[in-house]
Every structure is written in structure tokens, then in C-alpha cells.
Amino acid sequence: MPETKALSEPQKALIKMGLARDIDLALHIPLRYEDETRIVKLRDAREGDSAQIEATVTDSQVQYRPRRQLVVTVDDGSDTCVLRFFSFYPSQQKALAVGARLRIRGELKGGFLGWQMVHPTYRAAGGELPQALTPVYSTVASLPQAYLRKAVAGALAKADLSETVPADAPPAPGKATSWSLRQSLQFLHHPTPEVSLAALEDRTHPAWLRLKAEELLAQQLSQVQSRRAHDALRAPALVAGRGGLHEQLLAALPFQLTGAQRRVSEEIARNLQRERPMHRLLQGDVGSGKTIVAALAAAIAIDTGWQCALMAPTEILAEQHFRKLIGWVEPLLAPRGLRVAWLTGGQRKKERQEMLELVASGEAALVVGTHAVIQEQVQFKALALAVIDEQHRFGVEQRLALRGKTRPHTDGDPLEPHLLMMSATPIPRTLAMSYYADLDVSTIDELPPGRTPVVTKLVSDSRREEVVERIRGQVAQGRQVYWVCPLIEESETLDLTNATATHEALSQALPGAMVGLLHSRMPAPEKKAVMSLFTGGQMAVLVSTTVIEVGVDVPNASLMVIEHAERFGLSQLHQLRGRVGRGAAASACVLLYAAGDNGRLGETARARLKAMAETNDGFEIARRDLEIRGPGEFLGARQSGAPLLRFADLATDTALLEWARELAPAMLDRAPGLAAQHVARWLGGKSEYLKA
Ligand code: ADP
Ligand code: MG
């Protein structure tokens with residue numbers, strides 16, 4: 001049996017931090033640096049300096065006021081300095097005894113009583129000064145800084161840092177490739193003292209640029225690989241027009257498609273004709289009319305004898321989003337002997353069984369439900385198209401879930417269904433270029449005619465009365481109002497109390513008007529009843545906690561009040577706002593905010609509210625959201641497992657991204673060995689390609 005050696009605590013910590021390989025350690029770039037290369041004289045020092053001095057102890061005593069501390073006075077010949085230690089061992093007291101000559105490093109504080117340092121580090125004076133700045137790494141308690149420094153230095157010497165960027169690659173912008181990877185890493189771990197710390201900090205130094213260029217290249221290579229792997233898959237080719245369903249649906253609509261809807265419908269139709277599975281995002285602002293575009297795509301699939309699945313994140317949403325659509329489609333299916341199947345969690349067993357049979361037999365041409373429809377063991381006869389609504393995170397998961405859901409090609413080859421994702425949260429361009437390089441995007445950039453822009457107002461919670469007054473005005477004109485209370489994740493009870501209180505207050509303030517309440521814990525039938533009163537127009541005001549489920553389409557609603565708006569995410573706020581302004585009436589959105597305990601709004605909360613007040617444009621909102629939150633939250637990286645960029649910043653490194661994007665496909669073609677080496681080095685097992 002091979003001898004197994006137990007790992008030490010620091011070794012375990014290294015693995016836990018993802019620093020198992022030499023290359024991982026080499027890529028663990030310092031958080032900051034300390035300058036131990038120079039000894040300064042106290043006389044020349046400045047307040048706040050992190051300084052290293054050599055001095056002799058002239059006094060050392062334990063004081064008890066205001067609290068127990070060791071107070072040591074040192075003199076470096078130019079001035080004196082007091083060192084304070086609030087916790088200390090006898091051994092330290094000994095090392096700091098009068099007469100000891102020490103090399104001391106710490107933050108210098110000036111003041112009435114002269115120079116001071118609190119808990120400085122120290123050792124015996126003398127010895128050589130290091131030539132380079134000392135790196136300080138991010139670490140954990142069980143991994144001492146000194147251990148990590150050694151590990152990194154060792155790994156840096158051993159790691160394979162051979163050049164993977166092809167010699168004939170175009171030079172990267174900003175001289176990013178003027179430094180080799182080895183030079184760059186050596187430098188970033190041990191910079192020479194005369195370097196501009198600002199250039200290290202803002203990552204504009206050539207060594208940093210090189211690192212970012214490498215990282216972006218790895219990401220692009222992985223994306224192109226993933227796209228090529230996807231291109232190799234086969235899907236049923238769906239050609240419109242055979243049965244005329246597409247045309248009949250168009251004719252049945254009570255409106256004309258907008259130019260943008262027509263354009264994206266054509267993009268999708270062309271995509272469906274191909275034998276390559278579609279992997280497309282349909283993005284368009286709230287209310288831009290994505291649903292009908294999906295229905296037209298479904299019509300193509302059904303017309304060609306295949307099935308289509310329509311999915312939304314929740315049952316209520318599925319119902320609300322697709323009810324209208326089904327109203328249009330169902331009458332056209334009936335003469336063809338086809339039906340619509342609903343699959344929901346709340347269904348009775350018998351009903352569900354019936355539905356599953358319809359799906360399996362193929363009689364259900366359209367299958368509507370939650371995401372569970374493709375994830376669960378639902379057997380389709382011949383699924384050709386899956387449409388996922390309100391999909392903000394576009395991962396490989398959905399694609400994987402679709403595997404095996406369709407019937408094989410006549411020649412027996414496995415086929416993959418087409419996938420259309422719809423979102424009102426557009427992907428900013430840089431994200432589309434980086435994380436979603438293997439995703440096709442169609443954009444609806446035009447709203448149906450007759451919409452009036454929503455006016456957004458920020459109102460302090462202390463002016464709630466005025467808001468109620470405004471509601472009264474709207475209700476008197478026969479308009480309807482949404483009032484949304486925030487979801488408090490930790491406490492459903494608190495949610496409920498808040499919403500119930502608001503509901504009661506509004507009911508009292510608006511006698512004669514019907515004020516309804518919708519919250520997350522209500523049983524589904526009750527929710528349904530409330531919703532239909534509101535959609536039917538009998539209910540004037542709807543107080544709701546179930547944010548996502550306010551996905552209704554009530555053109556008569558002209559006012560949206562969002563309570564504790566500071567607690568909502570930006571895209572959430574924008575989605576909510578999109579629920580008004582759907583008719584011809586002038587509409588408004590009131591963002592009620594309450595300052596925190598310190599009487600102030602947090603910085604990001606303020607940025608979000610400001611963005612809402614300043615723009616109605618979903619793309620601009622998405623861009624600001626990316627700015628405020630960073631790509632991590634945008635992507636939901638923890639869920640999707642997409643490797644995030646550690647070094648590059650999509651907001652500032654666009655030029656490097658463009659360079660990597662140009663280079664990646666050529667590199668895969670002409671230097672596949674280097675490409676593989678590069679991806680393995682940077683992404684290890686985390687490449688998207690390996691998963692898809
Ligand atoms: P979203 O993009 O937010 O999903 P919907 O598909 O729900 O938007 O459409 C919003 C509303 O606009 C619906 O009532 C829909 O019937 C209507 N609509 C869609 N397209 C048009 C159009 N071209 N002209 C007029 N109304 C339209
Ligand atoms: Mg929609």
C-alpha cells in the first residue's frame with residue numbers, strides 16, 4: 001500500500017483556497033506590498049507612513065492606564081518613537097528591554113506626544129535589506145503569511161510558465177505582451193522598490209496588463225471551444241409554413257408586430273431551419289412583446305410536427321405570461337387534433353398523469369409549466385423547441401437538461417432541441433462578448449406603439465401620506481395601483497406583518513375602493529382569486545409581497561408604489577416598473593425609500609435608486625447594474641459555476657478583451673496545443689467547455 005502522509009493545517013488551507021497546483025500559487029497575486037527595502041529616519045518620516053526604522057530601546061514599562069499595555073520608547077538618533085503593545089508575552093518584554101537594538105516596522109502616527117506605533121513588528125537590527133517589496137497575500141488564519149510567502153516563492157520557481165501566446169499573435173494593446181508571463185509574475189510577487197505603487201494598484205502596469213490579457217485569452221478560448229462543441233450537435237431542422245399555423249397565428253393577433261418583433265422573429269426562424277441547435281437569448285425591455293415572438297417560434301415547431309415547451313420560473317408567472325398566448329394558439333390547434341398541456345407542481349395526481357400522457361403521446365403540441373418541465377422526468381414524444389421566459393442566468397444547465405428530451409434523427413443520430421431564452425434584463429455588451437460568447441442574441445429594441453413612458457419619483461418614506469393621496473387620485477379616475485412590499489428573506493413573518501399592515505392602512509385610507517393582498521404564503525387558489533379580481537379591474541389596489549408574481553399585464557394600472565425600494569435589486573426594480581405604462585394613460589412609479597439606522601442610504605442603494613430615476617432604458621439599467629454589482633452577481637456565478645475573471649475588469653479592459661476575442665479562434669486553429677496548454681493553465685477543470 002502506498003504510504004499516505006497526513007496533510008498539515010497550512011497544506012489543507014492551501015487546497016481549500018484553490019492553491020493546490022504550482023501555477024495556482026504563482027497566480028495568487030499579492031493584495032499589497034510592504035517596503036522593507038529601506039530604513040527611514042524618524043526625522044524624515046511623515047504621519048501615516050508605513051515605515052521601517054532601526055532604533056535602540058531607551059525605556060520599557062508596563063502601564064495600567066487607561067488599560068494594561070507595554071510601552072516602549074526607542075531612539076533612532078534623529079528622534080524618538082513610542083511603541084505600544086496591548087497584548088504581549090514575557091518573551092516580548094525581554095526582547096524589547098532597554099538597550100536592545102531593533103529593526104521596527106509599523107504605521108507611524110504623529111501627535112502631541114511625538115511619534116507612536118501600535119503593535120509594530122520588530123526583530124533584531126542589522127542584516128541585509130531585501131531588494132524587492134515584500135508581498136502580502138490574502139490568506140486565512142490557518143495559513144500563516146510567512147508559510148504562504150514561501151510556498152508562493154517555491155511554486156513560482158517550479159511552475160511551468162512557458163510562453164503559450166503564439167509568437168506570431170498580434171501584440172496586445174497597452175504593451176500587455178511586451179512582458180512575458182514569467183517576468184510579469186516574478187515582478188508582481190516581488191516588485192522592485194522604485195515601481196509606481198499606483199500602477200500596481202490600478203492594474204495598469206505592463207505586468208498586470210499581461211496577466212489580464214492571458215486570463216481573457218483563456219476565457220475566450222474556452223468559449224470558442226464550447227461554441228464549436230455546440231456547433232457539432234444536431235437539432236431537428238424546422239421549416240415554417242407547411243401547415244400554415246404561423247400565418248394563422250399572425251392573422252389572429254389583435255395587433256401588428258412591431259418592426260423589431262418582425263426582425264427577431266425572422267432571426268429565430270432562420271436559426272430554427274438549421275440543423276444546429278439554437279442557443280439564443282431574446283432580450284427586450286419589459287413590455288416589448290417577447291411572448292408573441294416565442295409563440296411564433298412555437299408555431300413553426302408545431303407546424304413541422306414537433307413539440308414545444310414554454311417555461312417560466314414560477315407557476316403563477318407561467319400562467320400569467322402564457323395565458324394570452326394560449327388563448328391565441330389553442331383555437332388553432334384544436335382543428336389539428338392537438339392540445340396544450342399544463343404541468344404544475346400544484347396539480348392533482350390524476351390531472352398530472354393525464355397531462356404527462358398527452359406529452360408522451362405527442363398530442364400536446366405545446367407544454368406549459370415551470371423549468372421543472374425540462375428538468376424532471378417528463379417524457380416528450382418529440383420536443384424540438386424549449387422556451388424559457390424570464391431567464392436571467394444563461395448557463396449550460398438548461399442545455400444539459402434538454403439532452404435526451406427529443407426523438408432521434410431518422411438516421412438514428414441523437415438530436416438536441418432548440419433553446420430560446422427570454423429576458424428583460426439585457427446582457428451588457430462586454431458580458432455578451434466574454435461570458436456568453438457562445439450565445440446568439442436577438443434584441444427587441446422598440447416598444448409597441450401607444451405606450452407612455454413611466455415617470456419615476458423617489459420619495460422618502462416620511463412622505464407616505466402624499467403617496468396615499470396620489471393613490472386616491474388615481475383610483476378616483478378609475479385607474480389601478482400596485483403596491484409592492486419587499487421580500488425579507490430571513491423572515492417571512494416580518495414580510496407578512498409589513499404587507500398586512502400596509503394592506504390595512506390602505507384599506508382604511510381608501511374607503512369604497514377594493515384593496516387586495518397577495519403574499520407568498522397564500523395557497524395557490526387564493527392567489528389566483530386575488531389576481532383575477534385585479535386583472536378583471538374590480539380590485540383598485542393590489543398590495544403584494546410576491547414580487548416576481550406581479551408579472552401581470554393590466555394596461556389600466558397606472559401607478560406602481562415600491563416600498564423600501566432601497567432593498568430591491570436594480571433589475572428587479574426595473575422589471576416591476578415595467579408593470580405600469582402598458583396602456584395609454586400617463587403612468588408613474590414611486591420608489592419609497594427609508595434611510596438606515598444612521599439616517600443615510602447605503603451607497604449602492606443610492607446608486608440604484610438614482611439609476612431608476614434617471615433612465616427607463618433597460619440597457620442602460622443593465623449597464624449600471626453591472627457597474628454597481630460587478631459581473632459576479634450578474635452571472636449568478638456561484639450557481640452557474642462559470643469561472644469569473646480574477647484579474648481583468650470588463651468595465652475597463654475592453655481593449656484587451658477585443659484582442660483576446662480576435663486571437664482565440666485563430667489560435668485554436670493554428671496552435672491547438674498551445675491553446676490547450678493555456679486553457680489548462682488558467683482554468684484547470686473549470687472550463688465551460690468541459691461541462692457542456
Ligand atoms: P414582455 O416582453 O415583457 O414579455 P409581453 O409579451 O408580455 O411583453 O407583451 C406586453 C403586452 O404588449 C401584451 O399585452 C402584448 O399582448 C402586447 N403586445 C405585444 N406586441 C404588441 C404589438 N406589436 N402591438 C401592440 N401590443 C403588443
Ligand atoms: Mg414576458
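Note that ligands are numbered from 1 as they come in the structure, with each ligand's atoms numbered from 1 the same way. Each residue takes its place number in the sequence, starting with 1.
The protein non-hydrogen atom at the shortest distance from atom 17 (C) of ligand 1 is Arg451 NH2, 3.8 Å. Regarding atom 10 (C) of ligand 1, its nearest protein heavy-atom neighbour is Arg582 NH1, 3.6 Å. In this structure, atom 16 (O) of ligand 1 lies nearest to the protein heavy atom Lys324 NZ, 3.4 Å. Of all protein heavy atoms, the one closest to atom 9 (O) of ligand 1 is Gly289 CA, 3.5 Å. Looking only at heavy atoms of the protein, atom 3 (O) of ligand 1 is closest to Gly287 N, 2.6 Å. With respect to atom 14 (O) of ligand 1, the closest heavy atom belonging to the protein is Asp553 OD2, 2.5 Å.
Near Thr291, meaning under 4.0 Å from one of its heavy atoms, ligand 1 places the atoms 4 (O), 5 (P), 6 (O), 7 (O). Under a 4.0 Å criterion applied to the non-hydrogen atoms of Val286, ligand 1 contributes the atoms 3 (O). Near Leu257, with a cut-off below 4.0 Å to any heavy atom, the atoms of ligand 1 are 23 (N). The contact set between ligand 1 and Thr258, taken as ligand atoms under 4.0 Å from a residue heavy atom, comprises 23 (N). Residue Asp285 has at least one heavy-atom neighbour below 4.0 Å for each of these atoms of ligand 1: 2 (O). Below 4.0 Å from some heavy atom of Gln256 lie the following atoms of ligand 1, by number and element: 22 (C), 23 (N), 24 (N).
With a 4.0 Å heavy-atom cut-off, ligand 1 is reached by no atom of Asp389.
Ligand 1 has a nitrogen or oxygen under 3.5 angstrom from a nitrogen or oxygen of Gln261. Distances between N or O atoms of Phe255 and those of ligand 1 include no value under 3.5 Å.
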Pair Gln223-Ser226, side chain to side chain donor-acceptor pair (under 3.5 Å): steps then yes or no: CA-CA 5 Å; Gln223 290 281 340; Ser226 155; 5.2 Å; no
Worked check of side chain to side chain donor-acceptor pair (under 3.5 Å) between Ser558 and Gln474: CA-CA 8 Å; Ser558 57; Gln474 291 296 309; 2.5 Å; yes
Residues Trp483, Glu563; criterion side chain to side chain donor-acceptor pair (under 3.5 Å); working and verdict: CA-CA 7 Å; Trp483 183 298; Glu563 193 172 344; 2.6 Å; yes
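When all heavy atoms of Asp303 and His246 are compared, the closest pair comes out as OD2-N, 3.9 Å.
Using a 4.0 Å cut-off between charged side-chain N and carboxylate O, Arg470 and Glu466 make no salt bridge. For the pair Glu330 and Arg339, the salt-bridge criterion is not met [side-chain N within less than 4.0 Å of a carboxylate O]. A salt bridge is absent between Lys381 and Glu363: the closest approach of a Lys/Arg side-chain nitrogen to an acidic carboxylate oxygen does not fall below 4.0 angstrom.
For the 3.5 Å distance criterion, the side chains of Ser442 and Glu267 qualify, holding a donor opposite an acceptor. Counted by atom type alone, Glu566 and His564 present one or more donor-acceptor pairs between their side chains at under 3.5 Å. Using modelled atom types, one finds a donor on one side chain and an acceptor on the other under 3.5 Å when comparing Arg577 with His574. Side chain to side chain, Gln283 and Thr443 meet the donor-acceptor criterion of an N or O pair below 3.5 Å.
The closest approach between Ser288 and ligand 1 falls below 4.0 Å for a heavy atom of the residue.
With atom 25 (C) of ligand 1 as the reference point, the heavy atom nearest to it among Ala260, Pro448, Ala424 is part of Pro448.
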